[in-house]
2 protein chains.
Amino acid sequence: MLENTLKSKSGVAHSSIAIQAVEGSVDMQPHSIKVACSNCNLRELCMPLGLTPAELDRIDDVVASRRKVKRGATLFRNGEKFTSLYAIRTGFFKTCVASEDGRDQVTGFQMAGEIVGLDGIVNDHHTCDAVALEDAEVCVMPFDRVEELSREVNSLQRHVHKIMSREIVRENGVMLLLGSMRAEERLAAFLLNLVQRLHARGFSQSELILRMTREEIGSYLGLKLETVSRTFSKFVEEGIVEVKQRHVRILSTDALKDIVNPKVCN
Amino acid sequence: MLENTLKSKSGVAHSSIAIQAVEGSVDMQPHSIKVACSNCNLRELCMPLGLTPAELDRIDDVVASRRKVKRGATLFRNGEKFTSLYAIRTGFFKTCVASEDGRDQVTGFQMAGEIVGLDGIVNDHHTCDAVALEDAEVCVMPFDRVEELSREVNSLQRHVHKIMSREIVRENGVMLLLGSMRAEERLAAFLLNLVQRLHARGFSQSELILRMTREEIGSYLGLKLETVSRTFSKFVEEGIVEVKQRHVRILSTDALKDIVNPKVCN
DNA sequence: CGCCGCATTGACGTTCGTCAAGTCTAGTGG
DNA sequence: CCACTAGACTTGACGAACGTCAATGCGGCG
């Protein structure tokens, strides 16, 4: 079932699998199409905390349906009409923008519990592509419904604002990375960020499986794929990580942090 | 009065001056401290269009006060408590983030009618600095008031969402620039963007005064100040622009566009 | 007038991109 | 089951673009 052949005991596992397993034990109906945030185990990631039961009930209405996206397929494309935000339930996405002359840039990688589609609000059309890097499922949240409900449920309103602000802050961080870091620093920051987000979802702090190619990592980090590959090799030589294709084991988180933020002395 | 010594007839003028002039003719009370969006000539830039008179009346309540910021002073700083968004009335700002080891990165330049402070929403604290690059004045919009009002005025709610989405899309564009463009392309894109925004405010399409140093431009574009300077010189040699210190005249917008987006053939 | 910050320019070095060859792995079909 | 292939990855040699360091110029302000 999918490509996860790695020891899931260590916490390194395909996010989809872990989540589906949990879901399976909560919702015993095997092919339930019932959509409900209120008993979704990702709620704490994509929905506000501290809702009253009454509010929780209403929140269920933001999700209209679910949608499956096959690996390699797009959830939405640049130019398409914007109607909904999407909360990722399972799987892994990249978002990328393209310049007119064909160059493109990966602007982010998104995993379970994260929201994509915010770019479409301003012009009613999407300005980037969202591509599934593995088979995925998303919750479709029609934006007019989100707006309607967030007028009534204060904590949802606040939550929507926070999600958008978080994305702005994240992008600020990426700009810092792209504007002022060298290749090693970029890759180290990238790995630390990925593993931290995976850890927040219950996975290992030290092992991860990359769902993207070297070229996609490079695009995100403003590097060529060869440079990404060389930098991985350098980290391996230095004993900081083990790399076997897309399986990465971090041997020294501290060393990575040190690369990102060189200590002045000691 | 300020440092604007350039022919304002050509449309190249200090934004503050032009705006104050207009305001002076609308609001005859010389030192009015009354704050009102409803008769602010920047309304179309920072407020939603198509409001009913009743809505317009309510909208006036989002602005609590105005605040002057001297050149070089900060409107807010990384770490400070977030309370308000700020609409720039006059002047010019930069926002910048810093990494722990001291490097910093300019994340944007903001001019009249633009909103700053969105970064603070997610954690109730600002994550960047906003520094005035010339004497400035902003409208202070307490965020809880914005949220309250946008629950009642749909078009304000929609507007707030659009502003945040616009910022996300803008940053996507900067990521593309930082991740995949060469120095000349970055500077050309930067100039085109600046002049386009100034033009939208009634200034010249071909002349502008840079409010920031070469180093700040470089920080924004992920280049060193020497590279910025050299690239300017190159454009001058090629007859694309005239540069005299911070005064820039664009001689061929098409040439700049061509640099950003190289045509394949013809 | 002289100082100071900003900008320009040159010489040189480093980092990363380019091009190319070769390896590994997973998937396919005989 | 194995050979074949295609795509992803690695590695090396070389060059271009940009950074670094340093000298100099320019303009505004006290």
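Chain letters run A, B, ... following the sequence lines, proteins first, then strands; residues in each count from 1.
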Euclidean distance, B:Arg67 CZ relative to B:Cys139 SG, rounded to 0.5 Å: 12.5 Å
Residues forming a salt bridge (Lys or Arg N to Asp or Glu O under 4.0 Å) with A:Glu242, sequence neighbours excluded: A:Arg249
Residue whose closest nucleotide on DNA chain C lies nearer the 5' end, B:Met212 versus A:Leu223: B:Met212
Under-3.5 Å N/O pairs linking protein and nucleotides 27-29 of chain D:
none

Got a sec, which residues hit side chain to side chain donor-acceptor pair (under 3.5 Å) with A:Glu215, two or more places apart in sequence or on another chain? none
Looking only at side-chain N and O atoms, does A:Thr227 come under 4.0 Å of OP1 or OP2 in C:dG17? yes
Of the residues in residues 177-186 of chain A, which ones touch DNA chain C at a heavy-atom distance under 4.0 Å? A:Arg182, A:Ala183
Under the rule for side chain to side chain donor-acceptor pair (under 3.5 Å), what residues qualify as partners of A:Arg170, not counting sequence neighbours? A:Glu167, A:Tyr220
Got B:Met111 and B:Phe93 here, is their nearest side-chain heavy-atom distance under 4.5 Å? no
I'd like to check the side chain to side chain donor-acceptor pair (under 3.5 Å) partners of A:Gln245; sequence neighbours left out, ordered by chain and number. none
Between the two ends of the helix from C:dC1-D:dG30 to C:dG30-D:dC1, what is the bend in degrees, rounded to 10 degrees, where each end axis spans five pairs? 30°
Restricting to side chain to side chain donor-acceptor pair (under 3.5 Å), what partner residues turn up for B:His125, sequence neighbours left out? none
With the criterion being N/O to N/O and under 3.5 Å, what pairs connect the protein with nucleotides 10-13 of chain C, and how long is each?
residue : atom : partner  : partner atom : Å
C:dG10  : N7   : B:Arg230 : NH1          : 2.9
C:dG10  : O6   : B:Arg230 : NH2          : 3.2
C:dA11  : N6   : B:Arg230 : NH2          : 3.4

To the nearest angstrom, the NZ-P distance between B:Lys224 and C:dT8 comes to 17 Å
Can you run down the salt bridge (Lys or Arg N to Asp or Glu O under 4.0 Å) pairs that involve residues 189-198 of chain A, sequence neighbours left out, and say none if there aren't any? A:Glu114-A:Arg197
Could you walk me through whether B:Phe109 and B:Met212 pass side-chain contact (heavy atoms from CB on, under 4.5 Å), step by step? CA-CA 9 Å; B:Phe109 297 107; B:Met212 68 296 278; 3.8 Å; yes
Counting just side-chain N and O atoms, does A:Ser233 come under 4.0 Å of either OP1 or OP2 of D:dT11? yes
How many Å lie between CZ on A:Phe232 and P on D:dT10, as a whole number? 8 Å
What is the distance, rounded to the nearest whole Å, between atom CG of B:Leu187 and atom C1' of D:dA17? 15 Å
A side-chain contact here means heavy atoms from C-beta on lying under 4.5 Å apart; do B:Glu171 and A:Ile168 qualify? yes
Give B:Gly218 one of three labels, base, sugar-phosphate or nothing, depending on what nucleic acid heavy atoms sit under 4.0 Å from its own. nothing
Return each pair, listed once, that meets side-chain hydrogen bond (donor to acceptor under 3.5 Å, both in side chains) where at least one residue sits in residues 92-104 of chain B; pairs must be two or more places apart or across chains. A:Glu185-B:Arg103, B:Lys94-B:Glu216, B:Thr95-B:Thr107, B:Thr95-B:Gln110, B:Ser99-B:Asp101, B:Asp101-B:Arg103
B:Arg103 CZ to D:dT20 P, straight-line distance once rounded to whole Å: 11 Å
How many Å lie between CG on A:Leu221 and P on C:dG17, as a whole number? 11 Å
Whole angstrom value for the distance that separates P of D:dT10 from CZ of A:Arg246: 10 Å
Should we count CD of B:Glu80 as having more than 12 external heavy atoms under 6.0 Å? yes
Determine which pairs satisfy side-chain hydrogen bond (donor to acceptor under 3.5 Å, both in side chains) with at least one residue from residues 227-237 of chain A, sequence neighbours left out, and list them in order. A:Glu184-A:Lys234
Quickly work out the B:Ile217 CD1 to C:dA7 P distance and round it to whole Å. 8 Å
Between CZ of A:Arg214 and C1' of C:dG17 the distance, given in whole Å, is 18 Å
Can you tell whether the side chains of B:Asp135 and B:Arg71 come within less than 4.0 Å, N to carboxylate O? no
